[in-house]
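Report on one structure; see the data block that follows.
Note that this is a predicted model, so its numbers are computed, not measured. Only heavy atoms go into these numbers, but all of them, side chains included; no hydrogens, no water, no symmetry mates. Letters A, B, ... are given to chains in the order of the sequence lines, protein chains preceding strands, and every chain is numbered from 1.
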Amino acid sequence: MSIVKRPDIKSSWYVTSIVKGMALTFRNMIYNIFHKDEMPTVNYPEEKYEYGPRFKGSHILTVKKDGSIRCTACMLCATNCPADCISITAAEHDDPEVEKFPISYEIDTLRCVYCGFCEEACPVDAVRMGPEWQQPGLNGSSFVHDIQHLTRRPNLKGGYLSILDEEERHNSGI
Amino acid sequence: MVYPWIEQTGCCELVLKSLSSSVVNWEQVGVVRKAERPEEANLLIIGGWINPEQAQNLKEVYDRMLKEKLVIAVGSCALSAAAFANDENCVAAKEILPVHYFVPGCPPRWDDILKGISAISKIGMQNKTVRDILNDSGNDHVF
């Protein structure tokens, strides 16, 4: 025969636990008032969440030092794209040493899945995924971006310089 | 002022579900409250891939909605069936319904979806009160 012990008055008296819980909430509240930078929540329309510099967002076409486009229209990114969102038209260059250059380079952002395969496939560091995110828009606004938007949109501040220059690339044998 | 009805599949479901938690304040972007039935809704949020079967369901939901019918498509699958464009089992949202706002991304960020809802809430129901919307729906016992 087992005897069931009733709980003491101390443990069945709920005021102590209520006071403990309220002490925790007030401690957190006062801490958050004095440490506003450490708070994880964001009041969305007033504050904007800032993504890091390595964030893979909308595409960038890099430029050479003289300002022309780095892309050589080799079509590797368009072949590797799983969603077929890149369309390139190549044209003949005036310089006989240069084989071809893209006369139009369009990315349909409605189809893009932001996988980064174009960036991986590119042998000359011409396409990159930039840190800013693709903007949503109303029906009818332009979602197909051309060369002008990809190289010289105002966020890029006059073009994103490619790592590899033409001479360095020939010297290293890429 | 919008009353959203959310249709969600795939990985956009995770983003939309995290949006519908209590962390985000929907009233700040113009949502009065979320609709419990399609008859009370005037905004349809489509996230994720769409089957042919699900396309029929979406059309039924669209017919049952209130008069000013607004549609937001979220994610690349719903926008243009991105990587599954050659597959017959995935349909783009703009082929079945008139879409008003596009949110690209795979999956998109939560702030982009909120931006879309706030932009579309300024289009719809500009001069209407809550009572007008309820009279349009024919349900006075909603609140």
Side-chain angles (χ1 to χ4, degrees), chain A residues 32 39-59 77-87 106-121 129-145 149-150 153 155, chain B residues 10-12 19 21-31 45 47-49 70-87 90 92-95 97-124:
Chain A
N32 284 339
M39 275 174 65
T41 51
V42 178
N43 297 322
Y44 165 62
E46 289 85 23
E47 304 170 13
K48 293 282 161 65
Y49 187 82
E50 288 184 4
Y51 297 101
R54 293 174 65 188
F55 184 76
K56 283 188 0 176
S58 54
H59 303 265
C77 50
T79 316
N80 207 16
C81 183
D84 297 336
C85 71
I86 306 175
S87 62
E106 288 179 342
I107 292 181
D108 191 353
T109 51
L110 290 187
R111 296 189 67 138
C112 182
V113 288
Y114 300 92
C115 56
F117 281 4
C118 48
E119 188 190 19
E120 275 182 35
M129 312 287 275
E132 81 263 17
W133 189 247
Q134 167 62 38
Q135 291 294 316
L138 281 169
N139 193 356
S141 52
S142 63
F143 287 104
V144 182
H145 296 324
H149 183 269
L150 289 171
R153 80 187 92 126
N155 281 338
Chain B
C11 28
C12 287
L19 262 185
S21 65
S22 61
V23 175
V24 177
N25 193 2
W26 287 62
E27 289 166 4
Q28 272 182 324
V29 291
V31 175
I45 301 177
W49 42 261
L70 304 164
V71 180
I72 295 180
V74 171
S76 295
C77 294
L79 293 172
S80 59
F84 315 110
N86 299 325
D87 199 346
C90 195
K94 58 183 176 184
E95 292 171 8
L97 302 174
V99 181
H100 294 86
Y101 202 88
F102 293 108
V103 185
C106 187
R109 308 288 108 176
W110 55 272
D111 40 358
D112 284 349
I113 303 172
L114 284 187
K115 190 190 277 182
I117 296 168
S118 67
I120 214 116
S121 65
K122 285 166 192 163
I123 300 173

> If every non-hydrogen atom of L110(A) is compared with every non-hydrogen atom of K94(B), which pair is closest and at what distance?
Replying inline: CD1-NZ, 3.9 Å

>> I need the residue from V29(B), I113(B), V99(B), I72(B) with the largest number of non-hydrogen atom pairs under 4.5 Å to chain A.
In response: V99(B)

> What are the two closest heavy atoms between W133(A) and P108(B), and how far apart are they?
Replying inline: CZ2-CA, 4.2 Å

> Hey, which of A83(A), C112(A), C81(A) has the most heavy atom pairs under 4.5 Å with chain B?
Replying inline: A83(A)

>> What part of P107(B) gets within 4.5 angstrom of chain A, counting heavy atoms only: side chain, backbone, both, or neither?
In response: backbone

> Just how far is it from atom CG of D84(A) to atom CG of N86(B), taken to the nearest 0.5 Å?
Replying inline: 6.5 Å

>> Set out, in order, the CA-CA distance, both residues' side-chain angles and the distance that settles side-chain contact (heavy atoms from CB on, under 4.5 Å) for Q135(A) and D112(B), then state yes or no.
In response: CA-CA 7 Å; Q135(A) 291 294 316; D112(B) 284 349; 5.6 Å; no

> Is it true that atom CG of D87(B) has more than 12 heavy atoms of other residues, nucleotides or ligands lying nearer than 6.0 Å?
Replying inline: yes

> What heavy-atom pair brings V113(A) and C106(B) nearest, and what distance separates the two atoms?
Replying inline: O-CB, 3.3 Å

> Using a cut-off of under 4.5 Å for heavy-atom pairs, which of G105(B), A92(B), A85(B), G116(B) has the most such pairs with chain A?
Replying inline: G105(B)

> Between R111(A) and A82(B), which heavy-atom pair has the shortest distance, and what is it?
Replying inline: O-CB, 3.0 Å

> Hey, does F102(B) have a side-chain heavy atom less than 4.5 Å from the side chain of P136(A)?
Replying inline: no

